[in-house]
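The block underneath contains the structure these notes are about, expressed in structure tokens.
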Amino acid sequence: MAKPQKRYVCQACGSVASRWQGQCTDCAEWNTLVEEAGAVVTPFAAKHHLHGGGRAIQLTSLDAEVTLPARMATGIAEFDRALGGGFVEGSATLIGGDPGIGKSTLLLQAAARLATAGRSVAYVSGEEAADQVRLRARRLGLGAAPVQLAAATSVRDILTTLSAGQPPALLVIDSIQTMHSDLIEGAPGTVSQVRASSQELIRFAKERGTALVLVGHVTKDGSIAGPRVLEHMVDTVMAFEGERSHQYRILRAVKNRFGGTDEIGVFSMESEGLSEVANPSALFLTHRDEGVTGATVFPALEGTRPVLVEIQALVVRLASGATPRRSVVGWDSGRLAMILAVLEARCGLSFSACEVYLNIAGGYKVQDPAADLAVAAALVSALSERPVPPQAVAFGEVALSGEIRPVAHGPLRLKEAAKLGFERALVPGAMAKDDGALRLTGFRTLAQFVDHMLGR
Ligand code: TYD
Ligand code: MG
């Protein structure tokens, strides 16, 4: 038999190198390469060449009958919405998120709901002792739910136990980084251990029709530690996001083999656990006073779900020639620099002697390019000390030419704004078609918009 070759696997991105290096050449992370046993050619493979030795498989047509996979709704509407209707039997779901964001809390709540509804649910914690989980359940008012609880980290022990009886409908593994498979060597949490443990658990889930949920902690750059190799092994990847200092949490499908990835679930972390937020706009819109300068409401879109957020800008004139600061929370700083440049070059507004601060209220992070116009409105309002028209929302993408481009899902954004009592919308010129509920004002260029704001 061939001797296994030494190989080095990056623990951050899973890429393989033949020599140890301080930095991964693929993802540029430092000190992430760890030696792992390489692939060994089996005697069977050595005996048969590529086109022999296997069984014939049956090829069928695309339009053959299909049975839709059975879904198991958790009863937590925001969770089910993000999942696309509930957990799918015999599938694997990975839920990733920063430590302490509330993954265990969410899954314990979902597990308790399903167990109370009569499903068999097993919750295996590799991080907390059984008593800790029990105390948490009690604090959440779920102490009486018939969840089968275990504190274990050995995949073999877990699967031996579960194989003995009727397999559970739902199996939660919290977290996959604490699991250990004895099929291969290595400490829990390394790429190969995470991969091997997941493989065994997923095989069990597929064979027995159990819906498997793996909890995974993420690294600071947002990838699920131990890491992307897991993302393609599972059917569904969910990201649980939010700022620990803020209450809200967003559950987002990153990948879903059984549904779309454009729905989100919104929760708020309360003293009695995560509660559903059916109307996220109300959560992010802080109390609004009329006549305040430097604030605009932006109807952002999360998948197909509109969320109204407040964009705040503060502009401080500097007396000396010191380099002014630009500080952004919740938005892209490169994009802010671009809007400032367009305001200067195309509209004759100079921010070069001013410090500029931009903040999205409520700790929300905006990634939607449609925020450009709302940001520009907040900046112009802060600079000119004139308030943005009250009861107005703004959206539109700003091009380097100063043109205001139309954006996706205008009607959805307008509908949400109308629902929350807004009366006006400042929109791209091309989108200023009449809308029943709102008065629309369209602008073709940013210069036109600035003239309007300044009453020129
Ligand atoms: P947890 O679910 O343990 O996070 P994860 O599993 O993602 O690491 O969440 C822990 C945090 O949630 C902790 O900092 C306290 C907070 N929390 C509440 O605010 N209310 C609650 O009812 C619970 C259970 C936790
Ligand atoms: Mg946890």
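Read the numbers this way: they start at 1 and go in the same order the structure lists the ligands and their atoms. Sequential numbering from 1 along the given sequence is applied to the chain's residues. Below, all heavy atoms of this structure are taken into account, side chains as well, without hydrogens, waters or symmetry copies.
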* Please determine if E78 and R81 form a salt bridge, counting it only when a charged side-chain N lies under 4.0 Å from a carboxylate O. => yes
* Side-chain contact, heavy-atom cut-off 4.5 Å: L274 with F240? -> yes
* Validation row: T236, F87 side chains within 4.5 angstrom (heavy atoms) -> no
* To do: State plainly whether the residues R413 and D368 are in salt-bridge range, i.e. N to O under 4.0 Å.
  => yes
* Should K103 and E128 count as an ion pair when the cut-off is N to O under 4.0 Å? -> no
* Under 4.5 Å between any side-chain heavy atoms of L414 and L440, yes or no? -> yes
* Structure fact -> Near ligand 1 (heavy atom, under 4.0 angstrom), the protein residues are D98, P99, G100, I101, G102, K103, S104, T105, R136, R139, L140, M269, E270, S271, E272, G273
* To do: Could you check if a side-chain atom of S181 sits within less than 4.5 angstrom of a side-chain atom of Q193, using non-hydrogen atoms only?
  => yes
* Heavy-atom check, side chain of P146 versus side chain of T116, under 4.5 Å -> yes
* Using a cut-off of 6.0 Å, state whether more than 12 heavy atoms not belonging to Q148 lie near its atom CD. => no
* To do: Enumerate the protein N/O/S atoms at a distance below 2.8 Å from the Mg ion (ligand 2), ignoring waters.
  => S104 OG
